[in-house]
Visitor: 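This is the structure I want to talk about, given as structure tokens.
Each chain gets a letter, A, B and so on, in the order the sequences are listed, and its residues count up from 1. Hydrogens, waters and symmetry mates play no part in the numbers below; they use all other heavy atoms, side chains included. For clarity, every value in this text was computed on a predicted model and none was experimentally measured.
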Number of protein chains: 2
Amino acid sequence: MKSTSAQHDVGRIRAFNRTVTRRLGVLNEKYLGRDRPYVESRLLFEIGAHGATARELRQRLGMDSGFLSRLLRALETRDLATTQPSAEDARVKAVRLTRSGLAELRKIDALSDKLAQSMLDSLDETQTQRLVAAMSEVERLLRASSVEMTPDDPAGADARYCLERYFAELDARFPGGFDRSRGHSSDLPDYTAPRGCLLVARLFGEPIGCGALRTLAPGVGEIKRMWVSPDARGLGLGRRLLSELEQAARKRRMHTLRLDSNGSLAEALQLYRSAGYREIERFNDNPYAQHWFEKALR
Amino acid sequence: MKSTSAQHDVGRIRAFNRTVTRRLGVLNEKYLGRDRPYVESRLLFEIGAHGATARELRQRLGMDSGFLSRLLRALETRDLATTQPSAEDARVKAVRLTRSGLAELRKIDALSDKLAQSMLDSLDETQTQRLVAAMSEVERLLRASSVEMTPDDPAGADARYCLERYFAELDARFPGGFDRSRGHSSDLPDYTAPRGCLLVARLFGEPIGCGALRTLAPGVGEIKRMWVSPDARGLGLGRRLLSELEQAARKRRMHTLRLDSNGSLAEALQLYRSAGYREIERFNDNPYAQHWFEKALR
DNA sequence: ACATTTACCTGACTAAAGTCAGATAAATGA
DNA sequence: TCATTTATCTGACTTTAGTCAGGTAAATGT
């Protein structure tokens, strides 16, 4: 039974894929490539109004560095962009659009708008609203399904970025603010194998969430540093992080997981309760903790 | 107000576009191009298990004939396909996949399935169902919005195909069948300018519906041959055809439109009524007509 | 029967997109 | 300080994806 309906779902997705790529293929290739090679338009678009470094562009577009270098040179000779060594690191090139580069970007943008609009032109009001609503839903869920969670070095750039934002959020949400020096010494070593781990959630390569596991006592783990970026909330990522951390705990033969939280983090409390954590007595001296939870794994 | 909400819709569509092309781009290019140029996989896929003629392939893929010829030769030398002059017309080449070509096709198919499945893997049951439902909705409405309606030569291949299917459907749905020779002589000349016109609706180039307008008397037109392919119904195409024909009638300075229909065509009757046509007395001697309608244009 | 059209093929060419092996200079780690 | 790493550049290639101008043979219109 299950496999039949799964097969049906796959068929629906492939039908969606066919129709959508046909329609959007026209949108992207035909209208963005206005007398200029497609990758060049794409690059112009990716540099954007705020500029970017060559390094970022190379990563985002998955481009060979030689190829990118030449493309940037082409944009320069056509007076669409300028590059100069970045202030912090003279190796990296900061790329900005020139005045005429910005004008081109605006043209591309206007064409994209027009094309998007053309998808609505022949639909009536009801159909338009249904299409827009369904597209938003697909986009939301596709973002959710594109998120990848991988164990990561807590000292790496992405992990540090997530932890930084995690602390900043605590500071913003706790009534009296949050002072990182109180309560927590640097516990990064706790989050590395074999004592624990840190998961980083990424959407199209960008870090958007994290969660950590450490060992409290033999067989007993603690969940810490659960954070999901505000613009990725409502996708069920907290639950996924939690369940992957539980999986990691099981692999380490832990039988019990504990965690603490603050009363101002309502969604978190809600998540822990619905994931089977039950409230217990204070088990640590974290001055910011107001609730303590435990769950037996199996 | 209107422009604000339209701007919002466009933004939603462009967000959808970005997310979806990122996700599906991987699906198509990375997984279909398995050690083989992308167009070649695409061609293999398009030939399909049942084979195709070079003419069809050229049309469907919008390919230069020289380019296609070379690609087919490449598939032949790698023993993935065979070509032979078609039986009916020795000019056209019939292309079929060989045993190993079919095996490759199955591999491509399996990879596509796997990729589609991967979009569901990290979602829970509720999210999966919502995603599949929203994708179906987007696909349906995107198909609707991709349909183009153009005035066409009634003697052309697409128009004749539509009329053929129209008559076949009447024959299937009328209780006593439908005999084309009764009631209608060849009225094709009626559907050409300046006396009338024939609209053909196409989805990605394929004819999927038609509708005709002819002159009954000065200032009075008649709608005829309204047909929408069964697999394109429920997209509001009947209504769009009708309204475009009314537009054409207005251009010809017609003030009144008439049409007739048979009681077994319930959706059609429903459409005419909701589009402002009111039932009138018999105005012709069409033996298959049971209802007659009229609408005043302005 | 004969001009025209249609379907395909061939050769010659081009642009786009990318790959790869070094080279160079700035930053970083030990 | 010095070896290593990182970010970018350059030159020399290749592959992919075409385009275009004829040419041939079969089918079709008159």
Visitor: How many Å lie between CZ on B/F67 and C1' on D/dA21, as a whole number?
Guide: 18 Å

Visitor: So, does A/R73 get its side chain near the phosphate of D/dC9, meaning an N or O under 4.0 Å from OP1 or OP2?
Guide: yes

Visitor: Judged by each residue's nearest nucleotide on DNA chain C, which is more toward the 5′ side, A/E88 or A/G66?
Guide: A/G66

Visitor: How long is the line joining CD of B/Q59 and C1' of C/dA7, in whole Å?
Guide: 11 Å

Visitor: How close or far is atom P of C/dG18 from atom OH of B/Y38, stated in whole angstroms?
Guide: 14 Å

Visitor: Base, sugar-phosphate or nothing for A/D64? Non-hydrogen atoms, less than 4.0 Å.
Guide: base

Visitor: Separation of B/R91 atom CZ from D/dT28 atom P, in whole Å?
Guide: 6 Å

Visitor: Output the rounded distance in Å from NZ (B/K93) to P (D/dA25).
Guide: 13 Å

Visitor: Check A/R202 with A/D152, please: is the shortest side-chain N to carboxylate O separation under 4.0 Å?
Guide: yes

Visitor: Would you mind checking if B/D89 and B/R55 are paired as a salt bridge, meaning a charged N to carboxylate O distance below 4.0 Å?
Guide: no

Visitor: Send over the distance from B/L43 CG to D/dT16 P, rounded to a whole Å.
Guide: 15 Å

Visitor: Take A/A87 and B/D89, find for each the nucleotide of DNA chain C with the closest heavy atom, and name the residue whose nucleotide sits nearer the 5' end.
Guide: B/D89

Visitor: Does the distance from a Lys or Arg side-chain N to an Asp or Glu carboxylate O, for A/E164 and A/R160, drop under 4.0 Å?
Guide: no

Visitor: Decide, yes or no, whether a salt bridge links B/D109 with A/R14 under the criterion of side-chain N to carboxylate O below 4.0 Å.
Guide: yes

Visitor: With a 4.0 Å cut-off on heavy atoms, is B/R58 in touch with a base, just the backbone sugar-phosphate, or nothing at all?
Guide: sugar-phosphate

Visitor: Calculate the interatomic distance between A/L71 atom CG and C/dT19 atom P; express it in whole Å.
Guide: 12 Å

Visitor: Among A/I47, A/V95, A/T98, find the one that has a side chain to side chain contact (heavy atoms under 4.5 Å, CB included) with A/L75.
Guide: A/I47

Visitor: Quick one: label A/R70 by what it contacts on the DNA or RNA (base, sugar-phosphate, nothing), any heavy atom closer than 4.0 Å.
Guide: base

Visitor: Roughly, in whole Å, what's the span from CD in B/E40 to C1' in D/dA17?
Guide: 12 Å

